K.L.:
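I'd like to ask you about the structure that follows.
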Amino acid sequence: MKIGYPCINRSIGCRGNRTFRLGSYSEERLIATVRENLACLAETLSYNVRHNLLFFRMTSDLVPFASHPVCSVDWQTIFADELLQLGDYIRENRLRISMHPDQFVVINAKDPGIVERSVRELAYHTALLDAAGLDTSAKVQIHIGGVYGDKERSLQRFIREYERLDERIARRLVIENDDGRYTVRDCLRVHEAVGIPVLFDRFHHEVNSSGETVRDAVGLAAKTWTESDGILMVDYSSQQPGGRRGTHAATLDSDHFALFLAESAPHDCDIMLEIKDKEQSALLAASLAAGDGRFVRPPF
DNA sequence: CCCTGTCAAGTCACG
DNA sequence: CGTGACTTGACAGGG
């Protein structure tokens, strides 16, 4: 079990997700931004290693506009050395890596243009992980997509589009239960059809449940990951007290997290803390998990 | 320097 | 059909 947080570290003073407006695009601007983002990513991973936070979600903004037609820069070649160094560092320190393209990626859209843009975006994500030389335990997580008034047909459309994907993309993809459309059960059905692993989102399973206990859902999702996929990834959050239903908590609820540790045993998993205060909650979660037999400790 | 409108991309609820 | 929520930040221009 490794614990981590998404994209940004709030305490080290740099941000690895710098971007700019499309109207400001220039090759120089893009290259300078990617250089800055990669340097900050290296700093962030160093912080994570020092604090034994061994799971990390890389930002999709590392290469701004990477899948947009305006992007003519061959960033994979220009930054080949930096990306390989990044991959070496990740391997040497046994970090687990994920990425999470945002809401615009909809593989099962009815509009072929949306599907095409989504595939381009996925190709960017996988190209980045490939360029770093990471194995297929580094994952790209997406949702099944839209319902369009007919969940069954839309689910089948996801399956069809998934089967058409380039193998280099497909082998990195995992699907996650979302907060209002596709449940864990829906994801498991897609898994049964095409073998894609299911990432379990603890909070979404609360707001959009298909009825399984957390313990059962973790067990079912865990079985969808093969050896080359690595162990189950989990997104963890809880309801913000007093907030609208579905609002992520601002800080970690220690008791709730401890309960999840108990409920998820004995299945090993890596846990992503989707809490607003990022690494602060991850540090607290790691301390709470320190007594758990699954938790990976530093080698010293 | 601070304030604030706007940002590549999607889906869905609502009026 | 148009708008805002989702969730969220931060770029960038204007005062």
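Heavy atoms only: backbone and side chains are in, while hydrogens, waters and symmetry mates are out. Convention: sequence-line order gives letters A, B, ...; per-chain numbering from 1. Nothing here was measured: the structure is a model prediction, and the numbers come from that model.
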K.L.:
So what does Val105(A) hit on the nucleic acid, given a heavy-atom distance under 4.0 Å: a base, only sugar-phosphate, or nothing?
P.N.:
nothing

K.L.:
I want to verify a distance call: between dA12(C), dA10(C), dA9(B), whose nearest atom is closest to the Arg29(A) side chain?
P.N.:
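Shortest atom-to-atom distance from the side chain points to dA12(C).
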
K.L.:
Should the side chain of Arg21(A) and the base of dT6(B) be counted as holding a donor-acceptor pair, with the cut-off at 3.5 Å?
P.N.:
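Check passes, donor-acceptor contact within cut-off.
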
K.L.:
Nearest whole Å is fine: how far is dC6(C) P from Gln103(A) CD?
P.N.:
12 Å

K.L.:
In terms of side-chain geometry, is the basic nitrogen of Asp186(A) or Arg189(A) positioned less than 4.0 Å from the acidic oxygen of its partner?
P.N.:
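A salt bridge is absent here (no side-chain N lies under 4.0 Å from a carboxylate O).
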
K.L.:
To the nearest Å, how far apart are Glu116(A) CD and dA9(B) C1'?
P.N.:
13 Å

K.L.:
Using atom P in both nucleotides, what's the gap between dC3(B) and dC6(C) to the nearest angstrom?
P.N.:
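Approximately 25 Å lies between the P atom of dC3(B) and that of dC6(C).
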
K.L.:
Can you check the Asp61(A) CG to dC7(B) P distance for me, whole Å?
P.N.:
16 Å

K.L.:
Would you mind pulling out the nucleotide paired to dA9(B), Watson-Crick or G-U wobble, both distances under 3.5 Å?
P.N.:
none

K.L.:
Does dT7(C) have a Watson-Crick or wobble partner in any strand here, with both distances under 3.5 angstrom, and which is it?
P.N.:
none

K.L.:
Taking 4.0 angstrom as the limit, do Arg18(A) and Glu36(A) come out as a salt bridge?
P.N.:
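Looking at Arg18(A) and Glu36(A), the cut-off is met.
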
K.L.:
What do you reckon, is CZ of Arg164(A) surrounded by more than 12 foreign heavy atoms closer than 6.0 Å?
P.N.:
no

K.L.:
Whole-Å distance between dC12(B) P and Ile144(A) CD1?
P.N.:
13 Å

K.L.:
Quickly work out the Lys110(A) NZ to dT11(B) P distance and round it to whole Å.
P.N.:
10 Å

K.L.:
Which value, in whole Å, describes the distance between the P atoms of nucleotides dA8(B) and dC11(C)?
P.N.:
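Result for the P pair: 13 Å, nearest Å.
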
K.L.:
Any Lys/Arg nitrogen of Arg294(A) or Asp268(A) sitting under 4.0 Å from an Asp/Glu carboxylate oxygen of the other?
P.N.:
no

K.L.:
Starting the side chain at C-beta, find the nucleotide from dA10(C), dT11(B), dC12(B) nearest to Asn17(A).
P.N.:
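Closest nucleotide among those given: dA10(C).
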
K.L.:
May I have the distance from Asn37(A) (atom CG) to dC11(C) (atom C1'), rounded to whole angstrom?
P.N.:
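Roughly 14 Å, once rounded to whole Å.
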
K.L.:
Would you indicate which nucleotide in dA9(B), dC12(B), dA12(C) comes nearest to any side-chain atom of Arg181(A)?
P.N.:
dC12(B)

K.L.:
Does atom NZ (Lys223(A)) have a neighbourhood of more than 12 heavy atoms from anything else shown, all under 6.0 Å?
P.N.:
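Counting neighbours around NZ of Lys223(A), 12 or fewer heavy atoms of other residues, nucleotides or ligands fall under 6.0 Å, so no.
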
K.L.:
By the 4.0 Å heavy-atom rule, please label Tyr148(A) as base, sugar-phosphate, or nothing.
P.N.:
sugar-phosphate

K.L.:
Rounding to an integer number of Å, can you tell me how far Arg157(A) CZ sits from dT11(B) P?
P.N.:
10 Å

K.L.:
Side-chain N or O of Ser118(A) versus OP1/OP2 of dG10(B): is the shortest distance under 4.0 Å?
P.N.:
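Answer is no, no contact under 4.0 Å.
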
K.L.:
Rounded to whole Å, how long is the line connecting atom CG of Asn108(A) with atom P of dA9(B)?
P.N.:
20 Å

K.L.:
For the P atoms, the ones on dT7(C) and on dA13(B), what distance do you get once it is rounded to whole angstrom?
P.N.:
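It comes out at 15 Å once rounded to the nearest Å.
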
K.L.:
Categorize Arg10(A) for me: base, sugar-phosphate, or nothing, with a 4.0 angstrom heavy-atom threshold over every strand shown.
P.N.:
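Sugar-phosphate, backbone atoms only, no base.
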
K.L.:
Given dT11(B), dA10(C), dA8(B), identify the nucleotide with an atom nearest to the side chain of Ile8(A).
P.N.:
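Looking only at heavy atoms from C-beta outward on Ile8(A), the closest nucleotide is dA10(C).
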
K.L.:
Report which part of the nucleic acid Thr19(A) touches: base, sugar-phosphate, or nothing (heavy-atom distance under 4.0 Å, all strands).
P.N.:
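Sugar-phosphate contact only - Thr19(A) comes under 4.0 Å of backbone atoms but never of a base.
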
K.L.:
Can you tell me if Arg15(A) touches the phosphate of dC11(C), counting only side-chain N or O atoms and a distance under 4.0 Å to OP1 or OP2?
P.N.:
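Arg15(A) to dC11(C) OP1/OP2: side-chain N or O found under 4.0 Å.
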
K.L.:
Under the criteria of a ring-centre distance below 5.5 Å and an interplanar angle below 30°, is Phe104(A) stacked with the base of dG10(B)?
P.N.:
no

K.L.:
I'd like to know if Arg172(A) and Asp130(A) make a salt bridge, using a cut-off of under 4.0 Å between side-chain N and carboxylate O.
P.N.:
yes

K.L.:
Between dA9(B) and dA12(C), how far apart are the P atoms? Round to whole Å, please.
P.N.:
16 Å

K.L.:
What's Asp179(A) touching, base or sugar-phosphate or nothing? Going by heavy atoms closer than 4.0 Å.
P.N.:
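Here Asp179(A) touches the backbone only, sparing every base.
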
K.L.:
I'd like the C1' distance from dG4(C) over to dT8(C), given in whole Å.
P.N.:
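One C1' to the other, the span is 15 Å.
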
K.L.:
Salt bridge check: are Arg185(A) and Glu212(A) linked by an N-O gap of less than 4.0 Å?
P.N.:
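Yes, this pair counts.
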
